[in-house]
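Following: one structure in C-alpha cells, then a few remarks.
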There are 2 protein chains.
Amino acid sequence: MILKKTFKPTGEDITSLALTSETLTGRSGFLLNKAAAKVRDHYDEALTTLGMNARHAGILTILDEKGVLSQNELGKCAYIDRTTIVALIDDLERLGLVERKEHPTDRRSHAIYMTEKGRGFMPQIVKKAKEVEKEFLGPLTASEQKNLLQLLRKLVFHHYSMPKETR
Amino acid sequence: MILKKTFKPTGEDITSLALTSETLTGRSGFLLNKAAAKVRDHYDEALTTLGMNARHAGILTILDEKGVLSQNELGKCAYIDRTTIVALIDDLERLGLVERKEHPTDRRSHAIYMTEKGRGFMPQIVKKAKEVEKEFLGPLTASEQKNLLQLLRKLVFHHYSMPKETR
DNA sequence: GGCTGATAATCAGTAGTACTGATTATCAGC
DNA sequence: GCTGATAATCAGTACTACTGATTATCAGCC
C-alpha cells in the first residue's frame, strides 16, 4: 500500500464496504463526526455574510419559534452548555439581534428578547439554512433525506434526555 | 413560555415535529452536530482505559485494515488534516502502539508501522467500538441502524471527495 | 423573619479540534 | 542541475465545550 503511487483513501463502491465496527467507515462515531464537521462548515460559510455562525442562527431560530426565553431555557432547547451560551448571547446582543431584559418573575434570570432587527434576520437565516440543507443533503433522495433526519432526531432526543451521569 | 415552571425543552412526541429547516430540530446541521458530540463522548469514555481517544483508535483501525501507510495516506484515510495527524502519531508512538520508520522509497515520508503491542490492542478497540455502537445506536432497530450508517456514508464520501475549494 | 439548599448567570481556566502559513527536506521531471 | 511539487513538522490562531468557583436570588421550612 505504501508503495503505490496513485493512492486512494477509500474505494469507489461504497456499497461494497462492510457495515461493521471493525472498520472505521462502519462506525457511526466516525461518520457522524465527519458529517457534522462538514455541515457545520457549510453553515458557517453561508452565515458569515450575516456576521454569525451556525450556533447564533440556532439560538435565533429557537427564540423565533418559542418566543421569549431565559438563557437557561434557551440553552436547554439548543443543547448548549450554560457557560457556553453566555458568549453567544453576548455576540447576538452586540449585533443588535437580541436583548437581555429583566425577567418578569425571577431576578436571577434574564429574559432574552429578539429585537425587531433580529426578527428581520429570520427570513435570511431560514433561506440560508434551506440552501445549506439542500446542498448538503443533495446526494440523498428526498425520502432518504427525510429518513436520515428522523433517525438522527430519534438518536439525539434519546441521548440528550438521559440523566447527566449516564450520558 | 418564560413563566412556565416546568419547562420542557422539547416535546415528547418526536414524530409530531416538523422536518423543516425553519426549526432547529429539523436541520441536519443541528442534529448531526449533537449526535456527533454525543457519540464522541461515548467513544472517548470507553477508550480512556486504553489511554487513547476516538481518533487514536481510528488511526489504529486504519492501519490494521490497510497495513503500513505513510502519515499522509493515513490522514487521507481518516480524513484528518496533515498537521493534526502529527500529534496523534506522536501519542500513539509514545504509547508504543505504532512506530515511525524509514519509508522504503521516499525519504520525505515516514512509514507508520503498527507494533506488536498495537496489534494486541486491536481486539480491545474493536470490542469497545462494538459496545459503543450498540449502546449509541440502541434506540434504533437493526434495520434503522444499517440504514443510518449507509446514508451517513453516502454523505461523507460525497462531501470529502469534493475538491477543496468547493467543500 | 431568617436559615438552607437549589438555581441563574457569569467568569477564569483548561482541554480538545482543526486549521493556516511557514519551514525544511526530498522528490520528480525537464 | 534547476524547478515546482510534496511530506512532515511547528508556531500560531480560532473555535467548541466543559469544570469549578462566585454572586445574586429564589423557594421551602422552621
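Note on naming: letters A, B, ... go to the chains in the order of the sequence lines (proteins, then strands), and numbering restarts at 1 for each one.
Taking atom OH of Tyr160(B) as the reference point, atom C1' of dC19(C) lies 13 Å away to the nearest angstrom. If you take NZ of Lys34(A) and P of dT17(C), they are 10 Å apart, rounded to a whole angstrom. In this structure, the CD atom of Glu102(A) is 10 Å from the P atom of dT25(D), given to the nearest Å. Between the CD atom of Glu45(A) and the C1' atom of dA14(D) there is a distance of 17 Å, given to the nearest Å. Regarding Asn33(B), its CG atom lies at a distance of 15 Å from the P atom of dC15(D), rounded to whole Å. Going from atom CG of Asp41(A) over to atom C1' of dC19(C) covers 10 Å, rounded to whole Å. Note: NE2 (His103(A)) to P (dA27(D)) measures 10 Å, nearest angstrom. At whole-Å resolution of the value, CD1 in Ile85(B) and C1' in dA18(C) are 13 Å apart.
We find that Lys130(B) and Glu22(A) are joined by a salt bridge, their nearest charged nitrogen and carboxylate oxygen being less than 4.0 Å apart. One finds no salt bridge joining Glu133(A) and Arg27(B) here, because no Lys/Arg side-chain nitrogen approaches an Asp/Glu carboxylate oxygen to under 4.0 Å. Between Glu131(B) and Lys134(B) there is no salt bridge, since none of the side-chain N atoms of the basic residue sits less than 4.0 Å from a carboxylate O of the acidic one. With respect to the salt-bridge test (charged N to carboxylate O, under 4.0 angstrom), the residues Glu102(A) and Arg107(A) do not qualify.
Between His103(B) and Asp106(B), the side chains place no donor N or O within less than 3.5 Å of an acceptor N or O (distance only, hydrogens not considered).
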| request: Sugar-phosphate means primed atoms, P, OP1 and OP2; the rest is base. With that split, encode nucleotides 1-16 of chain C 5' to 3' as B, S or - using protein heavy atoms under 4.0 Å. | output: -----BBSSBB-----
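A 4.5 Å side-chain heavy-atom check between Ser70(A) and Ile112(A) finds every atom pair outside the cut-off. Side-chain contact between Asp64(B) and Phe121(B): absent, with no pair of heavy atoms (C-beta onward) separated by less than 4.5 Å.
Nearest-nucleotide positions on DNA chain D for Arg107(A) and Thr84(A) put Thr84(A) closer to the 5' end.
For Lys38(A) and Tyr160(B), the positive end sits near the middle of the six-membered ring, less than 6.0 Å away and at most 45° from its axis.
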| said: Let's go through Phe30(A) and Tyr79(B) carefully: what are the C-alpha distance in whole Å and the side-chain angles of both, what is the deciding distance for side chain to side chain contact (heavy atoms under 4.5 Å, CB included) to 0.1 Å, and is it a yes or a no? | reply: CA-CA 10 Å; Phe30(A) 171 76; Tyr79(B) 303 161; 3.7 Å; yes
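Counting only Watson-Crick and G-U wobble pairs whose two distances sit under 3.5 Å, DNA chain D takes part in these stems of three or more pairs: C:1-30 with D:1-30.
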